[in-house]
Asker: 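Take a look at this one; I'll ask things after.
From a predicted model like this one, the values you see are computed outputs, not experimental measurements. Each chain gets a letter, A, B and so on, in the order the sequences are listed, and its residues count up from 1. Side chains are part of it too, since the values below use all heavy atoms of this structure and drop only hydrogens, waters and symmetry mates.
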Amino acid sequence: MTDLAADPREGVKTDEAGLVPMVAPSDATGLKAVLQRRYLLRLLVRREISARYQGSILGLMWSYINPLSQFCIYFFVMGVIFNLHASIPNFAIHIFSAIVIVHFFTETMGAGTRSIVRNRQIVQKMAMPREMFPVATMLTSLYHVGPQVIILVVASACYGWLPDAYGMAAMVIGIAIIMILGTGLALLFSAANVFFRDVGSAVNIISNLIRFGVPMIYSYEMVAQRFGSFERYYLWNPIADAVLLFQRAFWVGTVGADEKNQPVMPDHLLLYGVAMIGVSLVVLAIGQLVFSRLENKIPERL
Amino acid sequence: MVDSIRVEHATKSFTRRYQRTLKQITVAKARGHKTIEEFNAVDDVSFTVEQGESIGLMGLNGSGKSTLLKMINGVMRPDSGSILTRGRIAGLIATGAGFHPQLSGRDNLILNAAILGMTEKETKRKFDAIVDFAGIEQQLDSQVGHYSSGQSARLGFAIAIHVDSDIFLADEVLAVGDKPFRAKCITRMEEIRDSGRTLFYVSHSAGSVKRMCTRVLVLRDGQLVFDGKPWKGIKFLGYDDDVENPMDREESEGEIGADI
Ligand SMILES: Nc1ncnc2c1ncn2[C@@H]1O[C@H](COP(=O)(O)OP(=O)(O)O)[C@@H](O)[C@H]1O
Ligand SMILES: [Mg+2]
C-alpha cells in the first residue's frame with residue numbers, strides 16, 4: 001500500500017484495518033466535489049484567463065474592447081440619434097452599469113456552453129467532476145468584471161457619485177444573481193451542447209435578445225410608463241433585476257438632486273433581488289440535475 | 001486478501017449513429033434504414049482483482065478493453081452492474097493522455113497531475129523527475145498539439161507513473177514509444193507490480209503479458225471469455241505462436257515484447 005492515509009483528496013477516511021473504502025470511481029462529481037478540489041479549480045481558472053484570447057495580439061484587451069464597443073454603439077445610436085440623453089440623465093453611466101452585468105452574463109453563458117466540448121480531450125480520458133469546466137468559465141468571466149467595475153466606479157465618481165450601504169448591498173446581490181444564474185445555465189447548456197452542437201448557436205441568439213430585455217438602452221421609467229401592469233412580470237427576469245441593482249448602486253447616485261429627470265427605480269428592489277437569488281438557485285439546481293443526468297453519456301458523445 | 005477492483009455484471013452500451021444531420025436522418029427514416037443501433041461494448045462482465053495482482057487484459061481491437069478501463073478509472077459509468085475500486089487510480093487510457101492540445105507541455109503536466117489528485121507541493125517536488133523521465137525538456141514549453149504521438153504518450157506515462165496510485169492502468173501505452181522508452185516503462189511497471197500495487201495492463205504482446213502479469217483476462221465482443229493463468233490465456237487467444245515466432249524472438253530477447 002502506498003501512502004493511502006496521506007491521500008490529499010478530501011481527507012479520505014480509512015476503516016479499522018487502515019484501508020480506504022471501496023468506492024465507485026465515477027462518483028466524485030457534482031458542484032460539491034468542484035468546491036472540494038480548489039487547487040484544480042484555481043489551475044483551470046488561471047489557464048482559462050490566459051487561454052481565452054490565446055493567439056490574438058490584443059489578448060486580454062478584448063475583454064474590454066468588446067463591452068466598450070457595445071457601449072459606444074448604444075451611446076451614440078440610442079443617446080444621440082434617438083435622443084435619450086434628454087430623458088435619461090447621465091445616460092453613459094446608465095448604459096455602462098447595464099453592460100457590465102449583461103457582458104458578465106453572456107460571457108459566462110457563451111463560454112460556459114462551449115466549455116465541455118472545448119476540453120473534450122480531457123473529458124474523454126480523465127476522471128474528474130466535469131462541472132469544473134462551466135464553473136471555471138464563470139469564475140474567469142467574474143475575474144474580468146473586476147476592472148470593469150473599477151472603471152464604473154471612477155466614471156461614477158466623476159459625476160459626483162458616493163458609495164452608500166444600500167447601493168453596495170445592491171451591487172453584491174446583482175453580481176450574485178448572475179454568478180448563480182450563469183453557472184446554472186452554463187451547466188445546462190454545456191451538457192446539451194455535447195449532444196447537439198446547435199445549442200451553441202441558439203445560445204448566441206439568446207445572448208443578443210437579453211440586451212433588449214433589460215433596462216440598458218431604455219430606462220425602467222419607460223417600462224413602468226408604457227407597459228402598465230406588465231411591469232410586474234418585467235421584474236421576474238433575474239437579469240433585469242441584476243441590471244437594476246447595479247444601476248441602483250452606481251447610476252442613481254450620479255444624478256444630482258437638482259436634475260429635472262430623477263431616476264426611477266422599482267419599489268422593494270433589494271427584496272426582488274433576494275427573491276431572484278432564490279430563482280437563480282432553482283435554475284442552478286435544475287442545471288445540476290440535468291447535467292448529472294446527461295453526464296453519463298458525455299464522454300462517448302464528444 | 002484485500003479487494004482492489006470489484007466488477008459485478010458491468011454492462012456499457014454504445015449507440016452507433018449512421019446519420020448526423022436532421023436531413024440525413026429524415027431521408028434514412030423515410031427509406032426505412034436504421035438510424036441508430038445499440039450494442040454492448042462491455043457485456044455483463046464480472047471479476048474481482050486483489051490488491052497487488054497484475055492483470056493482463058487481452059482481446060482483439062474493438063473487444064471493449066479501453067471501455068472497461070474507462071469505467072474502472074471513472075471516466076464512464078456502467079449502464080448496469082457496478083464497479084468499485086479502492087484507492088487512487090492513475091494510468092493511460094487508449095494510448096494518449098488527456099491533454100489539452102493548445103496548452104504547453106508544462107501547463108498540461110501541472111493540470112494533469114492535479115486531475116490525478118496531486119497537490120501543488122507534490123507536483124513541484126516531482127516536476128523535474130517527470131520531465132526527466134519523459135525526456136521532453138526541449139518541447140516543454142511548446143504546445144502539446146505539436147508533439148508527436150510518442151512524445152505526448154511519454155509525458156502522459158511519466159505523469160501517471162509519478163502519482164502515488166494504488167491502481168495503475170496501462171492501455172497499450174507502449175505501442176507508440178521508441179525502444180529505449182519502452183524498456184524504461186517496462187522497468188517502472190515492474191517496480192509498480194513488485195511494490196504490491198495493482199496493475200492493469202492492456203497489451204497485444206504475448207511476451208510482455210507473460211512477463212508482467214500474474215493473471216490474464218480476455219474480452220471478446222465485450223464479454224469476458226477467459227480468466228486465468230497468463231500462458232493459458234495466451235493459448236486461448238491463439239497468440240502463443242508469437243512466442244515461438246522468430247520475428248518476435250528478437251523483441252523478447254531484447255526483454256520487451258512488441259506492444260502493438
Ligand atoms: N464513443 C463511442 N461511441 C460509439 N461506439 C464506441 C465508442 N467508443 C468505443 N466504441 C465502440 O465500442 C467497441 C469497443 O471499443 P474499445 O473499448 O475502444 O475497444 P478496444 O480498446 O478493445 O480496442 C468498439 O466496437 C468501438 O467501435
Ligand atoms: Mg483500446
Asker: side-chain contact (heavy atoms from CB on, under 4.5 Å) with A:Phe189: which of A:Val199, A:Ile116, A:Val290?
Answerer: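 Per the side-chain contact (heavy atoms from CB on, under 4.5 Å) rule, the option paired with A:Phe189 is A:Val199, out of A:Val199, A:Ile116, A:Val290.
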
Asker: With only heavy atoms counted, which part of B:Thr85 is less than 4.5 Å from chain A, the side chain, the backbone, both or neither?
Answerer: both

Asker: Quick one: do the A:Thr113 and A:Asn193 side chains pair a donor with an acceptor below 3.5 Å?
Answerer: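 No, A:Asn193 and A:Thr113 have no side-chain donor paired with an acceptor closer than 3.5 Å.
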
Asker: Relative to chain B, which segment of A:Arg42 carries a heavy atom at a distance below 4.5 Å: side chain, backbone, both, or neither?
Answerer: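 The answer is the side chain of A:Arg42.
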
Asker: If only side-chain N and O atoms count, and only distance matters, is there a donor-acceptor pair under 3.5 Å linking B:Ser13 with B:Asp79?
Answerer: yes

Asker: Quick check for you: among A:Met128, A:Glu295, A:Lys297, A:Gln121, which has the greatest number of heavy-atom pairs under 4.5 Å with chain B?
Answerer: A:Gln121

Asker: Among B:Ile72, B:Asn108, B:Val75, single out the residue with the greatest number of heavy-atom pairs under 4.5 Å to chain A.
Answerer: B:Val75

Asker: With a 4.5 angstrom heavy-atom cut-off, which part of B:Phe14 approaches chain A: side chain, backbone, both or neither?
Answerer: both

Asker: Chain A heavy atoms under 4.5 Å from B:Asp107: which part of the residue, side chain, backbone, both or neither?
Answerer: neither

Asker: Between B:Gln51 and B:Arg197, do the side chains contain an N or O donor and an N or O acceptor separated by less than 3.5 Å?
Answerer: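 The criterion, which ignores hydrogens and geometry beyond distance, is not satisfied for B:Arg197 and B:Gln51.
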
Asker: Side chains of B:Thr198 and B:Ser4: is there a donor and an acceptor less than 3.5 Å apart?
Answerer: yes

Asker: Relative to chain B, which segment of A:Glu300 carries a heavy atom at a distance below 4.5 Å: side chain, backbone, both, or neither?
Answerer: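 When you check distances to chain B, atoms from both the backbone and side chain of A:Glu300 fall under 4.5 Å.
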
Asker: In terms of side-chain heavy atoms, does A:Ser292 have a donor or acceptor partner in A:Gln288 at a distance below 3.5 Å?
Answerer: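 Side-chain D/A pair, A:Ser292 to A:Gln288: present.
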
Asker: Below 4.5 Å from any heavy atom of chain A, which atoms of B:Ile110 appear? Answer side chain, backbone, both or neither.
Answerer: both

Asker: For the residue pair A:Phe96 and A:Ile151, establish whether any side-chain heavy-atom pair is separated by less than 4.5 Å.
Answerer: yes

Asker: With a 4.5 angstrom heavy-atom cut-off, which part of B:Ser104 approaches chain A: side chain, backbone, both or neither?
Answerer: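 Contact with chain A is absent: no heavy atom of B:Ser104 under 4.5 Å.
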
Asker: Relative to chain A, which segment of B:Asn112 carries a heavy atom at a distance below 4.5 Å: side chain, backbone, both, or neither?
Answerer: both

